[in-house]
Amino acid sequence: MKGYAMLRIGETGWIEKERPACGPNDAIIKPLAISPCTSDVHTVWEGALGERHNMILGHEGCGVVDEVGSNVKDFKVGDRIMVAAITPDWDSIAAQAGYPMHSGGMLGGWKFSNFKDGVFGEYFHVNDADGNLAFLPDNISPAEACMLSDMVPTGFHGVELADVQFGDVVLVIGIGPVGLMSVAAANLRGASRIIGVGTRPNCIEVAKKYGATDIISYKEGDIADQALELTNGEGVDKVIVAGGGVETFETAVRAVKPGGTIGNVNYLGDGDFVTVPRVEWGVGMGHKTITGGLMPGGRNRLQKLGSLVSSGRLDVSLMLTHKFDGFDHIEEALFLMKDKPRDLIKPVVTL
Ligand code: NAD
Ligand code: ZN
């Protein structure tokens, strides 16, 4: 089969590979749509996972079941399915402990385009099919379903990590697609005020549609200073970090109130340390919680988040700015993600 792969750090191209083998608990999927991600860019051009050779890229997609293993109970050939970017081993101790994303070691639930080939192939493999696949509702298009693989669950997980409550004032640092989904999730959770941090006009417009009440530009001054000014010097209740570099934690700690929580879903691609400002962290006694996590995957979550889309409570189509049709466009879509033209939010390729 054909696939679009990372050949080595800094280089991508089309390759031929064997169709993946299907184990007893697994499924083989023929993709209906795929979407490149900022994480693919980190993987290839920043070497964030270390060296990988001829590894098919991609972890956002949906498709049709092409083969199932003998133990798979609920899915059959021909079913249209969604699948998350993170595909845990649901019988693991980590999953039983409530951290499925870390089954098989820290971040071990991230298998696609990390430990195995991803979804940018003519076929892709899904482990633990009954636990990791979900039926694709008829009223969700394949392009929209791709947003349920990663952007929706990650942005929503940021809001879970930050523990957003009714009436909270929430700061979302970074309003790329992940941050936009954090804005939407904070809105659904009942935040009273949502301050988005971003500069691209397209993202700002969409952030407002998802519920952002205020916008701050990180290019026009310090984020924390601006957030403090907007809140009469009090600070915000919760911060979700969905963009920027390691330095955003200094900002986040300064911007959040005592008792507040910072939820990070940003991929920290460089730097050896995250710096926490001592005084603003209450000299160690400020009750300012800092947490960060890889999104959980799994069928239950996919079904629940999918129900928000199929019921019309969440419109993911606002993020689909660049649409392509046909397998050959995968390369173009990935390079778009790399080069990030100002009007881009998410590219998607239907197959
Ligand atoms: P993106 O690059 O499209 O968006 C990031 C946004 O942050 C951009 O709009 C950028 O302009 C903005 N930004 C840059 N510097 C900033 C600064 N100093 N302050 C504030 N904003 C700044 O990426 P995305 O697809 O939205 O993903 C966001 C992050 O989440 C990426 O690092 C991605 O790798 C990561 N991610 C994490 C998970 C997870 O499970 N935790 C899953 C998917 C993606
Ligand atoms: Zn992704």
Side-chain angles (χ1 to χ4, degrees), residues 34-46 48-49 57-61 83-88 100-102 106-107 109-110 112-114 118-120 146-161 171-183 195-204 206-207 215-224 226-227 239-252 255 263-270 291-297 301 319 321-322 334 336-348:
I34 61 88
S35 181
C37 177
T38 308
S39 304
D40 293 308
V41 175
H42 292 308
T43 300
V44 177
W45 286 281
E46 291 160 25
L49 302 173
L57 287 163
H59 52 261
E60 300 180 15
V83 62
I86 304 304
T87 52
M101 66 295 268
H102 302 301
M106 189 159 65
L107 312 182
W110 179 7
F112 288 133
S113 63
N114 183 6
V119 304
F120 295 175
C146 291
M147 299 302 102
L148 285 156
S149 290
D150 193 359
M151 300 298 97
V152 177
T154 299
F156 276 58
H157 192 46
V159 166
E160 289 173 321
L161 290 170
L171 177 68
V172 180
I173 301 181
I175 47 170
V178 168
L180 286 172
M181 286 300 92
S182 294
V183 169
I195 306 168
V197 181
T199 56
R200 287 184 281 165
N202 231 7
C203 292
I204 291 172
V206 174
I215 299 290
I216 281 176
S217 163
Y218 60 92
K219 293 187 177 159
E220 284 167 22
D222 182 81
I223 298 170
Q226 295 183 71
V239 182
I240 293 127
V241 183
V246 285
E247 74 288 351
T248 47
F249 289 91
E250 291 183 43
T251 305
N264 177 75
V265 285
N266 196 26
Y267 187 133
L268 303 177
D270 53 22
T291 175
L294 179 69
M295 64 106 157
R301 176 159 287 250
M319 292 189 289
T321 51
H322 292 64
L334 177 68
L336 210 51
M337 208 64 199
K338 174 175 180 275
D339 300 334
K340 292 237 164 74
R342 275 179 76 72
D343 61 343
L344 177 84
I345 301 180
K346 273 302 264 196
V348 68

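The basis for the numbers below is simple: all heavy atoms, side chains too, and nothing from hydrogens, waters or symmetry mates. Whatever order the structure lists them in is the order used to number ligands and atoms, beginning at 1.
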Show the atoms of ligand 1 that are less than 4.0 angstrom away from any heavy atom in Ile173. 19 (N), 20 (C)

To which of Val265, Ile86, Leu344, Val178 does the heavy atom nearest atom 35 (C) of ligand 1 belong? Val265

So is there a nitrogen or oxygen of Ala242 less than 3.5 Å from a nitrogen or oxygen in ligand 1? no

Among all protein non-hydrogen atoms, which one is nearest to atom 38 (C) of ligand 1, and what is the separation to 0.1 Å? Thr154 CG2, 3.3 Å

Among all protein heavy atoms, pick out the one at the shortest distance from atom 1 (P) of ligand 1; state its residue, atom name and that distance to 0.1 Å. Thr38 OG1, 3.6 Å

To the nearest 0.1 Å, how far is atom 29 (C) of ligand 1 from its closest protein heavy atom, and which atom is that? Asn266 OD1, 3.3 Å

Relative to the Zn ion (ligand 2), which of the N, O or S atoms in His59 is the closest? NE2

Heavy-atom nearest neighbour of atom 6 (C) of ligand 1 within options Gly198, Gly176, Gly244: Gly176

Atom 3 (O) of ligand 1: of Gly179, Pro177, Gly293, Gly196, the nearest heavy atom sits on Pro177

For the Zn ion (ligand 2), what is the closest N, O or S atom on Asp150? OD2

Sidechain-backbone polar pair: Gln226 side chain, Gly221 backbone, donor-acceptor under 3.5 Å: yes

Of the side chain and backbone of His42, name the one, both, or neither that has a heavy atom under 4.0 Å from an atom of ligand 1. side chain

Polar proximity ligand 1 side, Thr199 side, N/O cut 3.5 Å exclusive: no

Measuring from the Zn ion (ligand 2), name the closest N, O or S atom belonging to Glu60. OE2

Near Asp150 (heavy-atom distance under 4.0 Å), the atoms of ligand 1 are 42 (C), 43 (C)

Please determine if Thr248 has a nitrogen or oxygen closer than 3.5 Å to a nitrogen or oxygen of ligand 1. no

Residue portion contacting ligand 1 (non-hydrogen atoms closer than 4.0 Å) for Tyr218: side chain

So, regarding Cys37 and ligand 1 (criterion: nitrogen or oxygen to nitrogen or oxygen, under 3.5 Å), is there a contact or not? no

